[in-house]
**Student:** 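Structure provided below as structure tokens; questions to follow.
No hydrogens, no waters, no symmetry mates; every other heavy atom, side chains included, goes into these values.
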Amino acid sequence: MEVLRPPLINIDGRIYRRNITKDEHYEEEEEDFSYMGPPESEDVAEDESCDTTCIEQTDKGYRCAIDVPSVLYKYIIGKKGETRRRLESDTKTSIGIPKQGVEGQIVITGSHKAAVSSAVTRVEVLVESFRKKQPFTHFLSFPLNDAKVQEGFLTFKEEVLKQCSQDHGVDGSIFQNPAKLHLTIGTLALLNDVEVRKACEHLQECQNFIRDITEGKPLPLAVKGIEYMNDDPAMVDVLYAKVNVKDGSDRLQVIADRLVEHFVSAGLMVREWDRVKLHGTVMNTLFRKDSTVEDSGGTGRQVMSEREAFDARNVLKKFGVYHFGDFELNAVLLSQRYSTDCTGYYSSAGSINLS
């Protein structure tokens with residue numbers, strides 16, 4: 001890390017410097033933060049209050065309760081309680097944390113309002129930092145599992161295996177499950193039921209602008225052509241179907257970008273690209289059956305082996321303009337990762353219609 005140009009983190013418009021220190025408990029870098037906001041006089045600092053959280057005055061001083069998913073408690077507690085003790089010592093406050101696995105609120109109390117505000121800020125920064133390290137649990141998508149598209153995909157799979165199975169890395173296990181065909185709009189780490197409900201509410205808020213774009217009608221789409229993700233067609237990990245609105249408009253792209261903009265503004269999604277890359281994965285080496293191997297150390301744990309790319313040159317040559325099918329898109333789904341419903345598609349936590 002450059003001392004003069006440290007990484008910064010933005011929480012509700014407040015900018016903090018992120019300092020990296022080693023913490024044995026997590027076997028990774030723990031992040032310590034210092035406030036880098038505008039300079040304040042001592043009088044203002046004494047009357048400091050948190051911008052986003054209500055600090056209540058009590059008979060014994062001040063109190064603030066903040067919602068934190070239970071999976072993140074351990075980062076505030078630290079090894080043998082060290083992080084919590086340091087926060088309490090530095091801010092002259094007391095930090096009450098529910099038992100691990102019990103959803104609730106972290107309660108911060110202290111004799112001075114500024115001290116409670118400081119502790120709240122530091123807890124929020126820790127939470128925000130470690131939240132970004134959590135694997136995603138849900139994703140927004142346009143489903144492509146229409147019966148016609150599924151049929152076209154199965155024919156594609158059959159023909160590719162018939163004509164290209166001799167090419168390096170091409171086998172049946174790397175093809176997508178036809179019931180799970182979709183276009184990913186963005187991923188979210190929703191760490192408890194409260195956050196899932198919040199995401200569903202925000203998805204509902206998007207219904208009006210989406211219907212304005214679609215004029216209240218389903219979008220007629222053509223799933224035609226294939227493309228690969230990386231630079232070398234002889235070493236491909238992901239091959240995807242291209243999807244376009246049949247009238248040639250960019251309405252699907254506009255909807256995807258507006259959805260990401262909305263969820264990023266709500267703090268539920270991290271922006272990765274300027275524009276959403278719309279792609280329907282049809283082949284992915286992560287699906288390969290031998291992608292896990294036994295740990296040679298004898299621990300019994302399954303570990304990921306190195307991804308084996310496949311040679312897609314013949315597939316691209318023979319099926320570059322393959323037509324999977326046309327259908328009318330009429331839904332945006334918020335789905336749960338690693339779970340499926342009775343149709344075989346990912347379990348839906350929420351949805352809205354385009355019409």
**Student:** Cut-off 3.5 Å, side chains only: do Ser141 and Tyr345 have a donor facing an acceptor?
**Tutor:**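 A donor-acceptor contact under 3.5 Å links the two side chains.
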
**Student:** Looking at Ile77, Ile108, Ile76, which one forms a side-chain contact (heavy atoms from CB on, under 4.5 Å) with Leu87?
**Tutor:**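 Only match with Leu87 under side-chain contact (heavy atoms from CB on, under 4.5 Å): Ile76.
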
**Student:** Enter the distance from Leu239:CG to Glu227:CD here, rounded to the nearest 0.5 Å.
**Tutor:**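 Going from CG on Leu239 over to CD on Glu227, the span is 8.0 Å.
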
**Student:** Would you call Glu159 and Lys162 a salt bridge, using N to O less than 4.0 angstrom?
**Tutor:**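 Salt bridge: yes.
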
**Student:** So, Asn192 side chain and Glu195 main chain: donor-acceptor pair closer than 3.5 Å or not?
**Tutor:**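 Yes; at least one donor-acceptor contact below 3.5 Å.
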
**Student:** Hey, are the side chains of Tyr338 and Tyr346 touching, using non-hydrogen atoms and a 4.5 Å cut-off?
**Tutor:**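 Side chain of Tyr338 against side chain of Tyr346, heavy atoms only: no contact under 4.5 Å found.
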
**Student:** Does a side-chain heavy-atom distance below 4.5 Å link Ile352 with Ile210?
**Tutor:**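 Side chain of Ile352 against side chain of Ile210, heavy atoms only: contact under 4.5 Å found.
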
**Student:** For the pair Asn330 (side chain) and Ser355 (backbone), establish whether a donor and an acceptor sit closer than 3.5 Å, ignoring hydrogens and angles.
**Tutor:**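 Answer holds: yes.
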
**Student:** So, taking the atom named CG in Leu334 and the one named CD in Gln204, what distance separates them when rounded to the nearest 0.5 Å?
**Tutor:**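 So the CG of Leu334 and the CD of Gln204 are separated by 10.5 Å.
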
**Student:** Counting distance only, does the side-chain N/O of Asp167 pair as donor-acceptor with the main-chain N or O of Phe310 below 3.5 Å?
**Tutor:**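 No, because the side chain of Asp167 does not come within donor-acceptor range (under 3.5 Å) of the backbone of Phe310.
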
**Student:** Does any part of the side chain of Phe327, heavy atoms only, come nearer than 4.5 Å to the side chain of Val223, both counted from C-beta?
**Tutor:**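 Touching, per the 4.5 Å side-chain cut-off.
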
**Student:** What verdict does the side chain to side chain contact (heavy atoms under 4.5 Å, CB included) test give for Met283 and Ile226, after you've listed the backbone C-alpha separation in whole Å, the side-chain angles of each residue and the deciding distance to 0.1 Å?
**Tutor:** CA-CA 10 Å; Met283 299 172 71; Ile226 55 174; over 6 Å; no

**Student:** Just by distance, do the side chain of Ser347 and the backbone of Thr340 share a donor-acceptor pair under 3.5 Å?
**Tutor:**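 Yes; judged by distance alone, with no hydrogens or angles, the pair exists.
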
**Student:** Looking at Asp257, is its backbone amide N or carbonyl O close enough to the side chain of Glu261 to form a donor-acceptor pair, meaning the two atoms are under 3.5 Å apart?
**Tutor:**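 Judged by distance alone, no pair lies under 3.5 Å.
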
**Student:** Do the side-chain N and O atoms of Gln150 and Asp146 include a donor-acceptor pair separated by under 3.5 angstrom?
**Tutor:**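 Looking only at side-chain atoms, Asp146 and Gln150 do not form any donor-acceptor pair under 3.5 Å.
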
**Student:** May I ask you to decide if Ser70's main-chain N or O and Glu103's side chain share a donor-acceptor pair within less than 3.5 Å?
**Tutor:**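 Flag set: sc Glu103 to bb Ser70 pair under 3.5 Å.
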
**Student:** Rounded to the nearest 0.5 Å, how far does SG of Cys64 lie from CD1 of Ile66?
**Tutor:**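 Answer rounded to 0.5 Å: 6.0 Å.
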
**Student:** Quick one: does any side-chain atom of Glu215 pair with a main-chain N or O of Arg211 as donor and acceptor, under 3.5 Å?
**Tutor:**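 No: the side chain of Glu215 does not pair with the backbone of Arg211.
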
**Student:** What are the two closest heavy atoms between Leu278 and Leu183, and how far apart are they?
**Tutor:**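 Result for this residue pair: C-CD2, 4.3 Å.
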
**Student:** Counting only N and O atoms by type, is there a donor-acceptor contact under 3.5 Å from the side chain of Gln207 to the main-chain atoms of Asn353?
**Tutor:**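 Answer holds: yes.
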
**Student:** Got a sec: does the NZ of Lys246 have more than 12 other heavy atoms crowding it under 6.0 Å?
**Tutor:**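 It does not: Lys246 NZ has 12 such atoms or fewer within range.
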
**Student:** A side-chain contact here means heavy atoms from C-beta on lying under 4.5 Å apart; do Pro178 and Asn145 qualify?
**Tutor:**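 Side chain of Pro178 against side chain of Asn145, heavy atoms only: no contact under 4.5 Å found.
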
**Student:** Are Met229 and Asp237 close enough that some pair of their side-chain heavy atoms sits under 4.5 Å apart?
**Tutor:**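 Counting from C-beta outward, Met229 and Asp237 never come under 4.5 Å.
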
**Student:** Just so I know, are the side chains of Arg63 and Val116 near enough to count as touching, which here means a heavy-atom distance under 4.5 Å?
**Tutor:**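 The answer is no; the side chains never approach within 4.5 Å.
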
**Student:** Would you say the side-chain atoms of Arg288 pair up with the backbone N or O of Gly169, donor to acceptor, closer than 3.5 Å?
**Tutor:**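 Yes, Arg288 side chain to Gly169 backbone: donor-acceptor pair under 3.5 Å.
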
**Student:** Would you mind listing every side-chain hydrogen bond (donor to acceptor under 3.5 Å, both in side chains) that reaches into residues 176-190, with sequence neighbours excluded?
**Tutor:**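 Counting only pairs at least two positions apart or across chains, the side-chain hydrogen bond (donor to acceptor under 3.5 Å, both in side chains) contacts touching residues 176-190 are His182-Thr184.
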
**Student:** Return the CZ to CG distance between Arg251 and Leu221, rounded to the nearest 0.5 Å.
**Tutor:**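 The distance works out to 9.5 Å.
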
**Student:** Is the number of heavy atoms from other residues, nucleotides or ligands under 6.0 Å of Lys224 NZ greater than 12?
**Tutor:**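 Check fails, neighbour count at 12 or below.
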
**Student:** For Asn284 and Arg307, which I'm curious about, is there any donor-acceptor pair between the side chains at under 3.5 Å?
**Tutor:**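 Yes, a side-chain donor-acceptor pair sits under 3.5 Å.
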
**Student:** Count the heavy atoms belonging to other residues, nucleotides or ligands that lie under 6.0 Å from CZ of Arg313, then report whether that count exceeds 12.
**Tutor:**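 Not more than 12 within 6.0 Å, no.
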
**Student:** List the atom of Asp326, the atom of Lys148, and the distance in Å for their closest heavy-atom pair.
**Tutor:**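 So the two residues come closest at O-CD, 3.8 Å.
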
**Student:** Taking Val282 as the starting point, is it possible to reach Leu154 by hopping between hydrophobic residues whose side chains are less than 4.5 Å apart?
**Tutor:**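 Yes, same cluster.
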
**Student:** In terms of heavy-atom contacts, does CG of Asp212 have more than 12 from other residues, nucleotides or ligands at under 6.0 Å?
**Tutor:**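 Atom CG in Asp212 is packed in, count exceeds 12.
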
**Student:** Look at Arg122 together with Asp90 and state whether they make a salt bridge at an N to O cut-off of under 4.0 Å.
**Tutor:**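 Salt bridge: yes.
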
**Student:** With ring centroids as reference points, do Tyr322 and Phe324 lie under 6.0 angstrom apart?
**Tutor:**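 Between Tyr322 and Phe324, the centre distance is under 6.0 Å.
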
**Student:** Check the side chains of Asp341 and Thr343 for a donor-acceptor pair under 3.5 angstrom, ignoring hydrogens and angles.
**Tutor:**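 There is such a pair between these side chains.
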
**Student:** Backbone N or O of Ser89 within a donor-acceptor pair of the Lys92 side chain at under 3.5 Å?
**Tutor:**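 Confirmed, Lys92 side chain pairs with Ser89 backbone.
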
**Student:** Decide side chain to side chain donor-acceptor pair (under 3.5 Å) for Thr285 and Glu308; before the verdict, give the C-alpha distance in whole Å, the side-chain angles of both, and the deciding distance to 0.1 Å.
**Tutor:** CA-CA 7 Å; Thr285 57; Glu308 180 189 356; over 6 Å; no

**Student:** Give a yes-or-no answer on whether the side chains of Lys277 and Tyr240 include a donor-acceptor pair shorter than 3.5 Å.
**Tutor:**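 Judged by distance alone, the side chains do pair up.
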
**Student:** If I compare all heavy atoms of Gln100 with all of Val71, which pair ends up nearest, and what's the gap?
**Tutor:**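 Between these two residues, the closest heavy atoms are NE2-CA, 4.2 Å.
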
**Student:** Are Leu161 and Tyr228 joined in one hydrophobic group, where the rule is that I, L, V, M, F, W and Y side chains link up if heavy atoms are under 4.5 Å apart?
**Tutor:**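 Yes.
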
**Student:** Pair Lys242, His279 - check side chain to side chain contact (heavy atoms under 4.5 Å, CB included), show working.
**Tutor:** CA-CA 6 Å; Lys242 294 187 283 187; His279 63 284; over 6 Å; no

**Student:** Angle between ring planes, His262 versus Phe209, binned at 30° and 60°: parallel, tilted or perpendicular?
**Tutor:**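 Tilted, since the angle between the ring planes falls between 30° and 60°.
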
**Student:** Are Phe319 and Leu316 joined in one hydrophobic group, where the rule is that I, L, V, M, F, W and Y side chains link up if heavy atoms are under 4.5 Å apart?
**Tutor:**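 Yes; Leu316 is reachable from Phe319 via cluster members.
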
**Student:** Between Phe287 and Thr281, which heavy-atom pair has the shortest distance, and what is it?
**Tutor:**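 Heavy atoms only, the tightest pair is CE1-CG2, 4.4 Å.
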
**Student:** Is there a path of hydrophobic side-chain contacts, each under 4.5 Å between heavy atoms of I, L, V, M, F, W or Y residues, that connects Leu333 with Leu252?
**Tutor:**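 No.
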
**Student:** How far does NE2 of His168 sit from CG of Asn314, to the nearest 0.5 angstrom?
**Tutor:**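 Here the interatomic distance stands at 14.0 Å.
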
**Student:** Run Val127 and Tyr75 through side chain to side chain contact (heavy atoms under 4.5 Å, CB included) and show every step you take.
**Tutor:** CA-CA 8 Å; Val127 167; Tyr75 301 113; over 6 Å; no

**Student:** Linking I/L/V/M/F/W/Y whenever their side-chain heavy atoms sit closer than 4.5 Å, directly or via other members, would Leu140 and Val264 fall into one cluster?
**Tutor:**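 Yes, because Leu140 and Val264 connect within a single hydrophobic cluster, where side-chain heavy atoms sit under 4.5 Å apart.
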
**Student:** Under the side chain to side chain contact (heavy atoms under 4.5 Å, CB included) rule, what do Tyr62 and Thr58 come out as? Steps first, then yes or no, please.
**Tutor:** CA-CA 5 Å; Tyr62 293 87; Thr58 67; 5.9 Å; no

**Student:** Take atom CG in Asp247; do more than 12 heavy atoms of anything else shown fall under 6.0 Å from it?
**Tutor:**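 More than 12 heavy atoms, drawn from other residues, nucleotides or ligands, come within 6.0 Å of this atom.
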
**Student:** What are the two closest heavy atoms between Ile95 and Val123, and how far apart are they?
**Tutor:**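 Looks like CD1-CG2, 4.4 Å.
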
**Student:** Considering all heavy atoms of both residues, which atom of Pro69 and which atom of Leu191 are nearest to each other, and what is their separation?
**Tutor:**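 Taking every non-hydrogen atom into account, CB-CB, 3.5 Å.
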
**Student:** Could you tell me if Arg337 sits above the aromatic ring of Phe139, with its cationic atom closer than 6.0 Å to the ring centre and no more than 45 degrees from the axis?
**Tutor:**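 That pair does not qualify as a cation-pi contact.
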
**Student:** Is any side-chain heavy atom of Phe263 closer than 4.5 Å to one of Ile185?
**Tutor:**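 No, side chains not in contact.
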
**Student:** Step through the shown structure and confirm whether more than 12 heavy atoms of other residues, nucleotides or ligands are within 6.0 Å of CD on Gln163.
**Tutor:**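 More than 12 within 6.0 Å, yes.
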
**Student:** Calculate, to the nearest 0.5 Å, the distance between atoms NZ and CG belonging to Lys217 and Leu329 respectively.
**Tutor:**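 Rounded to the nearest 0.5 Å, the NZ-CG separation comes to 15.5 Å.
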
